[in-house]
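Start at 1 and go down the list; that is how both ligands and their atoms are numbered. Start at 1 with the first residue, then count along the sequence.
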Amino acid sequence: MENSYNKLLERAYIGKLGVKNRFVMAPMGIGIDVMSGCIEEKDVEYYAERARGGTGMLNLGFQIVTNKTDPFTMSRYGIGTPLQEMGWTRLCDRVHGYGTAVMVQLSCGLGRNAMMVPGVQNVSSSENACFFDPSSMTRPLTAEEIHAIVQAFGAAAAACKRAGVDAIEIHGHVGYLLDQFMTPLWNKREDEYGAQTFENKMRFVTEIYQACRAAVGSDYPIAFRMVIEHGIAGGRTREESAEIIRYLDHLGIDAFDVDWGCYDAYEWVFPTCYMPDGCLMDISAAYAKSITKKPVMVAGAFTPETAKQAVEEGKADFIVIGRGLLADPEFAGKLQEGRREDIRPCIKCNRFCLSASGTARDSSCSVNPAVLKETIYGRIAKAKKSRKVVVVGGGVGGMEAARVAAMKGHEVIVYEKTDKLGGQLLAASVPVFKGRLAMLVDYYKVQLDKLGVKVEYGKEITADSEELKDAYKIIVATGAHGFVPPIKGVNGTKVLEVIDAHTGDQARIGTKVIVAGGGPSGCDCAIELAMEGKEVTIVEMLDKLYPTGTLDNRFSVLRRIQEEKITVMTGTKVKEFNDKGAIVESKDGEKTLEADTIIVAMGTRPNSEVAEKILDKYVCAQTIGDCRVIGQVGEAVHQGFYAGWCIE
Ligand SMILES: Cc1cc2nc3c(=O)[nH]c(=O)nc-3n(C[C@H](O)[C@H](O)[C@H](O)COP(=O)(O)O)c2cc1C
């Protein structure tokens, strides 16, 4: 069948391993209970869902070969015991049932990148400052420990092959333990594993490769994951990478999985919305392709369009999709079926996947609550009886509730008081770097349309509305409104609320702008205006900018703020808005900041008034999203999902 994504969907090879298409699920260290190393039913289903969804090969991500040395791995078990191997076999059998290949990434740990464990010293190639606590130094691995790790790699590789795994990948990237040996910046050893010569710097990797190769035989694919550049002073240069790739190619590595960055240049490792789609295809993949004829795999926030571009222009052989496959396990299958418009986009927020670690929340996905809960929520079965469901509010939470309720076979009607679906995302998606939010709104519009959900625009519902009377279930998703504090002069002509600044009143924004409020929406607005060439100052009352943001996105936001030359005043309070601009106060006293426009980005408040009245009147009503508790996209989607799913 003619399909404009054909090049992505054709069979491709790693060594002798034929993979049914060019999509590889990125290694992501979630999904297998690392604490026991045992594969449970939910893990099998999580991977099976991605195989069923048409992915060519799944890379199961970070499996440790030994828990004896690196503190990060000490409370964990990797691949190795007979019980664990039984799980691996079950997983492989199931995934193979869909014609999908399985790759396992083998790792010896994080080294200086490991989170601190009280009372335990992190390890590395030599003495290095730990990433998460630079006042703590790592200790160098002893030669005995190195030899034990090499042996453990061999044993793990053999176990993979026995279990039916089709290929392995050596985890050598983004400044983790193995990379700390390959990089003179971190490797100051003076023994035969030191970085004085190329041979010594590559000795640990070489021995690991040889142990794996001896365990799996000459025909079994072994890939290597590495960064082309670390993106920091003293880190690897592309010329050094070229030498490493040539060497490993000659040694026998069958494929290169290339990326960019390290923890000190974090946003390249888990690209945020501030990074372009397919951000690694030129700087990593195309470069590696110019050095080796072996297959090159690359990740980095790919859309179907950027993936197509990468393979059609010969920049990569395999497209590695991580968060995109959390967001939509059928990424590849939908392209195969010519249903591009049905792919639910990853919004690059990093909130429910990466930042869940260390919180009370399971790893999941902001836009796909079924991640790792596929056994329960993976398939949405029809309810026994079709019911009338009314959704009040067509923001992201309301749209998700409507989508899921309609999939359950209910008759769903959405009342939206404006003339558009999308709610606050319409404003939030205006900055060019927030394009994925616009894609999410488009996705919902298509789904509601395909599912026959009726949407009535321009309809404001109250507790007395006739429209609610015969509903079996009422889902109230009336969202939130911008909070404008009672500061003197707030109604002045120079003052704009941030949502209005995005959606209606852009023409009123002058060249010199104060953004009052340095949270996520204030920072985004400031970056957007600075990109348009405006002179922007952020005034934030707290001592820290972006105080509620996650670590992963904060890094990107701060870099962008610096690059765009935005002035930042933290620990500074706005006291008054006036004709000149604003009077602000900090520990140094009061001063006037001149501005043409002041944008107030001081948070939002729930639209709870009508919602509460509906709840009072109807026992079948419930609230979701911001009108209940202010949250972000993920909270609204999850609440919408469960509200829709629970209608029997
Ligand atoms: C939750 C999560 C866990 C990850 N774990 C690993 C891992 O175990 N090994 C690895 O090499 N990369 C890991 N990564 C990085 C991904 O493999 C991938 O390079 C990155 O997410 C960029 O691809 P994407 O934009 O398609 O998500 C992880 C990423 C995420 C989001």
For this session: Just jot down the ligand 1 atoms closer than 4.0 angstrom to any heavy atom of Ala301, in number order.
Result: 24 (P), 25 (O), 26 (O)
Problem set entry | Cation-aromatic face contact Arg238/Tyr287, 6.0 Å, 45 degrees | yes
For this session: Please identify which atoms of ligand 1 are closer than 4.0 Å to at least one heavy atom of Phe270.
Result: 14 (N), 15 (C), 28 (C), 29 (C)
Problem set entry | Worked check of side chain to side chain contact (heavy atoms under 4.5 Å, CB included) between Phe224 and Glu169 | CA-CA 5 Å; Phe224 192 76; Glu169 177 174 271; over 6 Å; no
For this session: State whether Asp328 and Arg344 are salt-bridged, where the test is any N-O pair (Lys NZ or Arg NE/NH1/NH2 against Asp/Glu carboxylate O) under 4.0 Å.
Result: no
For this session: Check whether any N or O atom of Arg225, backbone or side chain, sits under 3.5 Å from an N or O atom of ligand 1, and answer yes or no.
Result: yes
For this session: List the steps and the verdict of side chain to side chain contact (heavy atoms under 4.5 Å, CB included) for Phe204 and Val150.
Result: CA-CA 8 Å; Phe204 193 18; Val150 168; 3.9 Å; yes
Seminar exercise, completed: heavy-atom search around atom 21 (O) of ligand 1 in the protein gives Arg323 NE, 4.0 Å
Problem set entry | Polar contact flag for Phe302 and ligand 1 (N/O pairs, less than 3.5 Å) | no
Seminar exercise, completed: For atom 5 (N) of ligand 1, the closest protein heavy atom turns out to be Gly29 N, 2.9 Å
For this session: Considering only NZ, NE, NH1 and NH2 on the basic side and carboxylate oxygens on the acidic side, decide whether Arg560 and Glu563 come within less than 4.0 Å.
Result: yes
Exercise. Any N or O of Glu169 that comes nearer than 3.5 Å to an N or O of ligand 1?
Worked result: no
For this session: Write out the residue and atom name of the closest protein heavy atom to atom 9 (N) of ligand 1, then the distance separating them to 0.1 Å.
Result: Gln105 OE1, 2.8 Å
Problem set entry | Val269 to ligand 1, any heavy atom closer than 4.0 Å | yes
Exercise. Does a side-chain N-to-carboxylate-O contact under 4.0 Å join Glu337 and Lys334?
Worked result: no
Exercise. If you count the atoms of ligand 1 from 1 in the order shown, which ones are under 4.0 Å from a heavy atom of Phe62?
Worked result: 7 (C), 8 (O)
For this session: Mark up the atoms of ligand 1 that fall under 4.0 Å of a heavy atom belonging to Ile321, in ascending order.
Result: 26 (O)
Problem set entry | Greater than 12 external heavy atoms within 6.0 Å of Gln151's CD | no
Problem set entry | Contact with ligand 1 for Pro271, non-hydrogen, under 4.0 angstrom | yes
Exercise. Side-chain contact, heavy-atom cut-off 4.5 Å: Leu9 with Arg22?
Worked result: no
Exercise. To which protein heavy atom is atom 4 (C) of ligand 1 closest, and what is the distance rounded to 0.1 Å?
Worked result: Met28 CA, 3.4 Å
Problem set entry | Nearest-neighbour protein heavy atom for atom 26 (O) of ligand 1, which is reported as residue plus atom name and distance | Gly322 N, 2.8 Å
Exercise. Considering only heavy atoms, does His173 approach ligand 1 within less than 4.0 Å through its side chain, its backbone, both, or neither?
Worked result: side chain
Exercise. If we only count N/O pairs under 3.5 Å, is Ala299 in contact with ligand 1?
Worked result: no
Exercise. For the rings on Tyr377 and Tyr642, is their centre-to-centre separation under 6.0 Å?
Worked result: yes
Seminar exercise, completed: Quick note on ligand 1: atoms under 4.0 Å from a heavy atom of His171 include exactly 9 (N), 11 (O)
Exercise. In terms of side-chain geometry, is the basic nitrogen of Asp254 or Lys294 positioned less than 4.0 Å from the acidic oxygen of its partner?
Worked result: no
For this session: Name the closest protein heavy atom to atom 16 (C) of ligand 1, giving the residue it belongs to and the distance to 0.1 Å.
Result: Pro27 O, 3.5 Å
Exercise. Are a donor atom and an acceptor atom from the side chains of His171 and Asp179 found within less than 3.5 Å of each other?
Worked result: no
